[in-house]
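What follows is a single structure, written as structure tokens, with notes after it.
In this text the structure is predicted, and so the values were computed from the model without any measurement. Quick note: numbers below take in every heavy atom, side chains included, and nothing from hydrogens, waters or symmetry partners.
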Amino acid sequence: MVQDAHGTRRRRRSRAGRHGLSCALLILASAWPALAGPKPLAQMMDGRCRAGAAQHPFKPALPASRQALTETNRLSIVALGSSSTAGTGASDVDRSYPAVLEAELRRRLPGREIKVLNLGVGGQSAYEMYLRLEGEVIPEKPSLVIWQTAVNDAIRDIGEEKLAKILRKGIHKLQEAHIDLVLVDLPWLPREGRYPKYDDYRAVLAKTAGENGVPVFPRYGMMKSWSGSRQFSEEEIVGMDGLHVVEAGYRCLGIRLADGILAGLGEGREPGKPTN
């Protein structure tokens, strides 16, 4: 009996100890958000993302998006592109630039319905993306399309006039559908010298956009500025393959796109400040 009683007492103490530990863990867990504050990645990086913003301004005119937000309280965006839209190089699709953009717009436009549909497909050319406009993009009835393209065309050197023709046809198709469009400049690459006509294709995209009244998101200049400022290492912006953007770069691109879109909508608020 003594042994049984002793054993019982010992087991009760063990259960009491586990109960006390569980309570302590629950209390700590409930207090953790207040103790931890913002997520480390966002806290450490977002300020760096906006470094040099004045040198690479982006404030697109977005009449269809502004009208949709005013009349329906909704904003629907399609992100069309290749691997850097799909999120190649990120640990998860939730860390791609379209996902960051959606989260940032929702945070800064409380009470609005925001949707960013990621239609990025790695390796696609401008022509392959153009072919998807009629069947995949326009049926979604977005107010805005962010078209990231021409990288694979530059690498494959398909011909500058051919690229210009494809871009013009895509631009006109979206304009006829009364959809706002933003073209995305090619990325800065630490070893872009491997592609002798890289800058020529960047110039084609910029010229075609300008001739058709389409704003260009200055991705190249932003990425080069981040690298030159030494606020990021090259490996934080572009992966070890020297070609694909990685997580820090995606986050910054999403944040800077959100800043520009909000400014274009007339909804700009001071970055980092909570909304009321």
Side-chain angles (χ1 to χ4, degrees), residues 56 58 60 77-90 96-98 117-140 142 144-177 179-224 227 237-246 249-250 253 257:
H56 304 286
F58 175 62
I77 300 172
V78 166
L80 178 67
S82 55
S83 57
S84 60
T85 297
T88 301
S96 65
Y97 98 71
L117 177 62
N118 188 339
L119 291 183
V121 176
Q124 284 208 327
S125 66
Y127 183 66
E128 289 171 315
M129 296 178 207
Y130 166 75
L131 292 177
R132 297 171 63 203
L133 292 177
E134 197 72 49
E136 296 181 49
V137 177
I138 294 174
E140 291 292 335
L144 169 63
V145 169
I146 302 172
W147 191 5
Q148 169 267 308
T149 191
V151 181
N152 293 309
D153 304 273
I155 291 172
R156 298 165 187 164
D157 191 12
I158 67 162
E160 295 164 45
E161 183 50 42
K162 182 178 180 180
L163 175 63
K165 183 178 180 180
I166 294 166
L167 293 176
R168 283 195 296 268
K169 290 177 71 174
I171 289 168
H172 295 160
K173 189 174 288 290
L174 291 169
Q175 288 176 336
E176 287 168 1
I179 297 170
D180 293 332
L181 173 63
V182 168
L183 280 167
V184 179
D185 193 6
L186 278 65
W188 169 80
L189 302 176
R191 296 189 293 277
E192 66 190 46
R194 294 182 294 180
Y195 314 111
K197 294 186 177 181
Y198 196 77
D199 282 341
D200 295 333
Y201 282 88
R202 287 189 58 233
V204 168
L205 185 143
K207 182 173 185 290
T208 307
E211 289 173 347
N212 292 276
V214 175
V216 176
F217 177 65
R219 172 169 61 156
Y220 182 95
M222 289 179 182
M223 292 177 67
K224 188 172 184 179
S227 176
I237 303 169
V238 179
M240 296 299 290
D241 64 0
L243 184 62
H244 289 104
V245 179
V246 290
Y250 284 131
L253 291 172
L257 270 164

| message | Any side-chain to backbone donor/acceptor pair from Tyr201 onto Ile158? Under 3.5 Å, distance only. | response | yes
| field | Pairwise distance CG(Asp153) to CG(Leu167) - rounded to 0.5 angstrom | value | 8.0 Å
| task | Rounded to the nearest 0.5 Å, what's the gap from CG on Leu119 to CD1 on Ile146? Could you check? | result | 11.5 Å
| Heavy-atom pair with the smallest gap, counting every atom of Asn118 and Ser96 | ND2-OG, 3.6 Å
| field | Val204 and Glu161, any side-chain heavy atoms less than 4.5 Å apart | value | no
| Are the side chains of Asp180 and Val145 in touch, meaning some heavy atoms are under 4.5 Å apart? | no
| task | Could you tell me the separation between the CD atom of Glu176 and the CD1 atom of Ile171, rounded to the nearest 0.5 Å? | result | 12.0 Å
| Over all atoms of both residues, closest heavy-atom pair of Leu205 and Thr149 | CD1-O, 4.0 Å
| field | Identified side chain to side chain contact (heavy atoms under 4.5 Å, CB included) counterpart of Met129 within the set Leu80, Val137, Ile166 | value | Leu80
| request: Taking all heavy atoms of Ile179 and all of Pro142, pick out the closest pair and write down the distance. | output: CG1-O, 3.5 Å
| said: Can you tell me which residue among Lys207, Arg168, Gln175, His172 is in a side-chain hydrogen bond (donor to acceptor under 3.5 Å, both in side chains) with Asn212? | reply: His172
| task | Could you label the plane-to-plane angle of the Phe58 and Phe217 rings as parallel, tilted or perpendicular, counting under 30° as parallel and over 60° as perpendicular? | result | perpendicular
| task | For side-chain hydrogen bond (donor to acceptor under 3.5 Å, both in side chains), just list the numbers for Ser82 and Gln124, CA-CA rounded to whole Å, side-chain angles, deciding distance to a tenth of an Å, and then say yes or no. | result | CA-CA 5 Å; Ser82 55; Gln124 284 208 327; over 6 Å; no
| message | Under the criterion side-chain contact (heavy atoms from CB on, under 4.5 Å), I'd like the reasoning laid out for Val121 against Arg132: C-alpha separation, chi angles, the key distance, then a yes or no. | response | CA-CA 11 Å; Val121 176; Arg132 297 171 63 203; 3.5 Å; yes
| query | Taking atom CD of Gln148 and atom CZ of Arg219, what is their separation to the nearest 0.5 Å? | reply | 5.0 Å
| query | Which heavy atom in Ala154 sits nearest to a heavy atom in Tyr198, and how many Å separate them? | reply | CB-CD1, 4.2 Å
| query | Is any side-chain heavy atom of Lys173 less than 4.5 Å from a side-chain heavy atom of Tyr130? | reply | yes
| remark: Minimal heavy-atom distance between Leu181 and Pro215, with the atoms involved, is O-CD, 3.3 Å
| request: Check whether any side-chain heavy atom of Leu174 sits under 4.5 Å from a side-chain heavy atom of Val214, and report yes or no. | output: no
| Is a side-chain donor or acceptor of His56 paired with a backbone partner of Pro218 at a separation under 3.5 angstrom? | no
| Do you know the tightest heavy-atom contact between Gly81 and Thr85? | CA-OG1, 3.5 Å
